[in-house]
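Remember, it's 1-based here, ligands and their atoms both numbered in the order they're listed. Position 1 is the first residue of the sequence, and the numbers go up from there.
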Amino acid sequence: MPWCKKEDTTNAIITAKRNMQSSHHDVKMIQKLPEIAILFFIGKAIPYVLRTYECDELSAKFPRFLNPCPIYRFKNMEACFLDGGRGAPQAADTLETLAELGVKTIISVGMIGAFHPAFHVGDILIPSHALAEEGTSHHYYEDLIFAYPAHPLWEELKNLLPQAKSEPIVSCDAIYRQTLRKEEQWRRQGCVGVDMETSAIMSIGNYRHLQTAAILMVSDVHSHETEHCAWEWKVTDAMREAFTRTCISCVQRLSSDKEITK
Ligand SMILES: O=P(O)(O)O[C@H]1O[C@H](CO)[C@@H](O)[C@H]1O
Ligand SMILES: O=c1cc[nH]c(=O)[nH]1
């Protein structure tokens, strides 16, 4: 049975706007944000960005519902950035709150476990679409299977990052239920790897009329063997940092192309 019914036109009880205006987190309202936001789903990315780039803190508490964290902007680029949280519910909360504060374009930057033999640790992927096997998107759409990025943004990112591959992925809530059989089924559906946020970013981005796309780095490869499931987390701090720099320079070129300054 679908969780979201088209005939349900009633209002949501909590909205991003009401949450921001409430006393929930005792958060001071942020003024309008730049139109481009980078959401990092990589724990070590934010401290690295703050060490490496000139940035201003816009608020110590971005007023989302779940686990508010600081939000920053680059001094030399019309873009803000923050930690997107982990998993589809926090990604959706962050995206809805950014939309309420004037953000129009969201680039999510994260990691992905690859279960296709053509992918190796450190490869960069700009997903063409994402199978929605997380629960959040299915409360926005009655019959969603795949979620798609904004096509022009996706094309621009691919041009800016010619080394990146572009294939379908799956987003899944259940880290410890990515079984061999499940991953075989995902491969048959055309997917090459699994993360926890991309389908929600894309589907809810479409729902809120935002331009979204994702840039992901392969952090681990998943065994295809039926006998034993060897698995190791392979990504290093240096790889995370190089990937973060690559994504930021890509957004820098994107934002100057767009001349988003008012
Ligand atoms: O926080 P780091 O180690 O960067 O890793 C993040 O990325 C992994 C999943 O994408 C999770 O482990 C999450 O915490
Ligand atoms: O979400 C993720 C990220 C990396 N590897 C996985 O298996 N899942």
With a cut-off of 3.5 Å and sequence neighbours excluded, list every side-chain donor-acceptor pair involving residues 4-12.
from: D8; atom 1: OD1; to: T10; atom 2: N; distance (Å): 3.1
from: D8; atom 1: OD1; to: T10; atom 2: OG1; distance (Å): 2.6

Q163 atom CD, neighbour heavy-atom count above 12 within 6.0 Å: yes

Distance (rounded to the nearest 0.5 Å) between I169 CD1 and H116 NE2: 14.5 Å

Distance, nearest 0.5 Å, that separates CD1 of I248 from CZ of R253: 14.5 Å

Heavy-atom side-chain proximity of V218 to L125 below 4.5 angstrom: no

Connected-component partners of F146 among ILVMFWY, side-chain separation under 4.5 Å: F115, L131, I145, Y148, V170, W186, V194

From CA spacing to verdict: salt bridge (Lys or Arg N to Asp or Glu O under 4.0 Å), E133, R177: CA-CA 12 Å; E133 285 210 15; R177 289 301 297 156; over 6 Å; no

Given R187, K182, R181, the one that forms salt bridge (charged side-chain N to carboxylate O under 4.0 Å, His left out) with E184: R187

Could you give the N/O to N/O pairs under 3.5 Å linking ligand 1 and the protein, each with its distance?
from: ligand 1; atom 1: 1 (O); to: G43; atom 2: N; distance (Å): 3.1
from: ligand 1; atom 1: 3 (O); to: R240; atom 2: NH2; distance (Å): 2.9
from: ligand 1; atom 1: 4 (O); to: G43; atom 2: N; distance (Å): 2.9
from: ligand 1; atom 1: 4 (O); to: R240; atom 2: NE; distance (Å): 3.2
from: ligand 1; atom 1: 4 (O); to: R240; atom 2: NH2; distance (Å): 3.4
from: ligand 1; atom 1: 14 (O); to: R86; atom 2: NE; distance (Å): 3.2

4.5 Å side-chain heavy-atom contact, H138 and L144: yes

Considering only N or O atoms, set out every pair between ligand 2 and the protein closer than 3.5 Å, with distances to one decimal place.
from: ligand 2; atom 1: 5 (N); to: G113; atom 2: N; distance (Å): 3.2
from: ligand 2; atom 1: 5 (N); to: D220; atom 2: OD1; distance (Å): 3.0
from: ligand 2; atom 1: 5 (N); to: D220; atom 2: OD2; distance (Å): 3.2
from: ligand 2; atom 1: 7 (O); to: Q178; atom 2: NE2; distance (Å): 3.1
from: ligand 2; atom 1: 7 (O); to: H222; atom 2: NE2; distance (Å): 3.1
from: ligand 2; atom 1: 8 (N); to: V194; atom 2: O; distance (Å): 3.4

